[in-house]
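Basis for what follows: all heavy atoms, side chains included, without hydrogens, waters or symmetry-related copies. Throughout, protein chains are lettered first and strands after them, A, B, ... in sequence-line order, and every chain is numbered starting at 1.
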Amino acid sequence: MAQKPSIPKGTRDFSPSEVAKRNYIFSTIRSQFETYGFQPIETPSFENSETLMGKYGDEGDRLIFKILNSGDYLKKVDEAAYQTKDSTKLAVDISEKALRYDLTVPFARYVVQHQNEIEFPFKRYQMQPVWRADRPQKGRFREFYQCDADVVGSDSLWQEVEFVQLYDAVFTALSLEGVTIKINNRKILSGIAEVIGASDKLIDFTVALDKLDKIGEEKVKEEMIGKGISHEGIEKLQPLFSLSGDFGAQISQLQDILSTSEEGKKGIEELQFIEKAIAELGLKTAQLQLDVTLARGLNYYTGAIFEVVAPKGVQMGSIGGGGRYDDLTGIFGLKNMSGVGISFGLDRIYLVLEELGLFPETVTKTLDVLFINFGTDEALYAMKAIKALREQGIHSELYPDTAKMGKQMKHADKRGLPYVVLVGEKEMEQQTFTLKHMKSGEQVSLTLTELIAKFK
RNA sequence: GUGGUUGUAGCUCAGUUGGUUAGAGCGCCUGAUUGUGGUUCAGGAGGUCGUCGGUUCGAGACCGAUCUUCCACCCCA
């Protein structure tokens with residue numbers, strides 16, 4: 001065997017049926033986005049390095065794909081960095097561009113760059129691939145699609161309420177019932193950190209807290225101690241570990257913990273506003289759940305934090321996430337522009353729908369009817385009918401070669417086509433078409449008008 | 001970036017302590033059936049065992065490197 005060609009790890013080819021299923025998810029999401037008043041934009045697949053670098057933390061910088069400069073890229077290299085093999089420093093010299101890492105930062109760049117053309121509040125959606133130089137594993141790829149909807153230029157909490165509804169609407173439309181929309185608030189996390197005297201260690205504290213589900217209370221405490229959080233502080237956290245009950249019950253327990261923190265109280269108010277509104281408006285199939293251990297995107301989220309997890313029993317990380325960022329555009333020089341948004345992980349949603357068998361059968365339908373080719377004269381007769389069918393929007397085609405009938409039938413069978421049409425001498429004489437239903441094997445003789453009517 | 005794991009026919013996988021010509025099921029092709037696919041029967045094609053190197057009289061099996069798969073950590077959709 002000659003050397004087989006291959007694709008880079010973490011990337012995938014998509015077959016026709018996979019593309020059909022992916023498009024089904026795309027169009028479902030798109031349709032809900034538009035129903036909620038979002039407008040599409042697109043941004044380049046690569047940005048200037050300085051637009052992306054430093055926006056996702058050190059870990060993020062490591063995972064950004066950098067594009068090597070064209071031409072004699074070693075010429076401009078800093079001699080000292082070259083001699084000492086300082087990769088980080090060298091990277092800046094040999095790479096001025098990088099592949100998009102998510103859609104939020106390019107969006108912030110877009111808003112700042114086009115601020116004078118945009119009417120605020122601006123609601124945009126974007127569905128494009130992003131790239132991460134991560135090590136692949138289940139549901140983690142190096143190239144994958146995000147579907148984002150964001151609003152900039154509005155502080156209103158009604159936006160958060162709408163995003164919860166939007167999540168519910170999309171997953172309901174995809175028949176993916178029972179997803180949990182987890183919600184938290186950065187202000188609550190800050191408040192807790194403040195109460196335990198660890199305001200300066202907010203990130204370390206929340207990263208540890210986030211693992212509560214996974215590694216348990218003891219390990220979380222160990223990690224916090226390891227990060228320099230005092231025993232006293234952890235003592236005060238105790239009620240947090242045993243937080244229980246519904247939304248309201250958890251809130252009242254939080255109120256006790258956060259009674260001395262202004263910021264914490266503000267976070268509670270915000271959560272209560274959202275919860276009340278959602279309780280009043282109702283959700284179709286999703287569930288809104290308070291999760292104080294939820295800590296994502298802390299590099300820029302300032303208010304609400306969202307994460308969507310697949311229904312119980314499906315082993316998949318989050319299938320969506322989002323939150324409020326009061327000052328995202330600030331990093332590009334535009335102050336006081338609050339944003340909030342959510343993201344859908346298309347590739348993971350695909351895996352979940354596949355696992356649960358939730359793709360509608362019609363999604364992969366390609367052709368309504370195949371005409372069997374009996375020879376030149378018959379083919380021309382068939383093509384006239386096909387022309388008429390296509391004008392009516394009926395998906396139809398002629399088997400291109402005059403192969404043996406068995407082979408042609410087999411081809412139709414393999415493609416899973418519902419119907420074939422047989423036209424030989426007999427049919428041509430009578431100006432009819434023999435329509436065969438593949439599943440039942442039944443055959444009927446029809447005129448062209450009747451044939452068209454059959455598929456309309 | 002760290003640790004582990006996987007790779008044999010198109011697909012799913014066997015292959016004994018290293019020993020002739022590497023197997024099975026499914027799929028594929030041909031015919032029985034030149035106006036009928038999915039069932040059946042008969043026959044057939046297809047593998048330098050991921051790649052490169054090493055140990056050995058002899059390697060699919062042992063060793064090393066590399067690529068790939070999947071998993072855990074980090075982080076994350």
Fill in the blank from the handout: The salt bridge (charged side-chain N to carboxylate O under 4.0 Å, His left out) partner of Lys211(A) among Glu218(A), Glu222(A), Glu217(A), Glu223(A) is Glu223(A)

Round to a whole Å and report the spacing from [atom1] of [X] to [atom2] of [N].
| X | N | atom1 | atom2 | answer |
| --- | --- | --- | --- | --- |
| Asp58(A) | C74(B) | CG | P | 16 Å |
| Glu307(A) | A77(B) | CD | C1' | 9 Å |
| Leu367(A) | G37(B) | CG | P | 20 Å |
| Leu370(A) | G38(B) | CG | P | 16 Å |
| Asp413(A) | G37(B) | CG | C1' | 5 Å |
| Lys436(A) | G38(B) | NZ | P | 10 Å |

[N] OP1/OP2 closer than 4.0 Å to side-chain N/O of [X]:
| X | N | result |
| --- | --- | --- |
| Gln408(A) | G37(B) | no |
| Lys211(A) | C75(B) | yes |
| Lys404(A) | U34(B) | no |

Practice task
Please work out which of the three classes, parallel, tilted or perpendicular, describes the rings of Tyr110(A) and His114(A), given edges at 30° and 60°.
Solution key: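 Geometry flag for Tyr110(A) against His114(A): tilted rings.
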
Practice task
Quick one: look up who G38(B) pairs with, Watson-Crick or G-U, both distances under 3.5 Å, and put none if it's unpaired.
Solution key: none

Handout entry: C62(B) - base-pair partner by Watson-Crick or wobble geometry, distances under 3.5 Å
Key =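 Across any shown strand, C62(B) pairs with G54(B).
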
Handout entry: Glu42(A), CD: over 12 other non-hydrogen atoms inside 6.0 angstrom
Key =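 For Glu42(A), atom CD is not crowded (no more than 12 foreign heavy atoms under 6.0 Å).
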
When the [atom1] atoms of [N] and [M] are considered, how many whole Å apart are they?
| N | M | atom1 | result |
| --- | --- | --- | --- |
| A24(B) | G46(B) | C1' | 15 Å |
| U12(B) | G27(B) | P | 15 Å |
| G60(B) | U20(B) | P | 10 Å |
| U48(B) | U8(B) | C1' | 13 Å |
| U51(B) | G10(B) | P | 13 Å |
| G7(B) | C62(B) | P | 11 Å |

Exercise for the section: Would you mind telling me which residue lines up with the more 5' stretch of RNA chain B, Ser440(A) or Pro136(A), judged by nearest nucleotide? Expected result: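 Its nucleotide being nearer the 5' end, the pick is Ser440(A).
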
Pick base, sugar-phosphate or nothing for [X], based on heavy-atom distances below 4.0 Å to the nucleic acid.
| X | answer |
| --- | --- |
| Gly57(A) | nothing |
| Ile319(A) | sugar-phosphate |
| Glu425(A) | base |
| Lys407(A) | nothing |
| Gly10(A) | sugar-phosphate |

Exercise for the section: Report yes or no: is the ring centroid of Phe144(A) under 5.5 Å from the six-membered base ring centroid of A77(B), with the two planes under 30 degrees? Expected result: yes

Problem - Centroid-centroid distance, Tyr350(A) to Phe359(A), less than 6.0 Å - result: yes

Exercise for the section: Classify the side-chain pair Glu34(A)/Tyr125(A) by whether it contains a donor and acceptor separated by less than 3.5 Å. Expected result: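 There is such a pair between these side chains.
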
Problem - Pairwise distance OH(Tyr419(A)) to CZ(Phe371(A)) - rounded to 0.5 angstrom - result: 13.0 Å

Exercise for the section: Please confirm whether any donor atom in the side chain of Arg140(A) sits under 3.5 Å from an acceptor in the base of C75(B), or the reverse. Expected result: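 Yes, the side chain and the base share a sub-3.5 Å donor-acceptor pair.
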
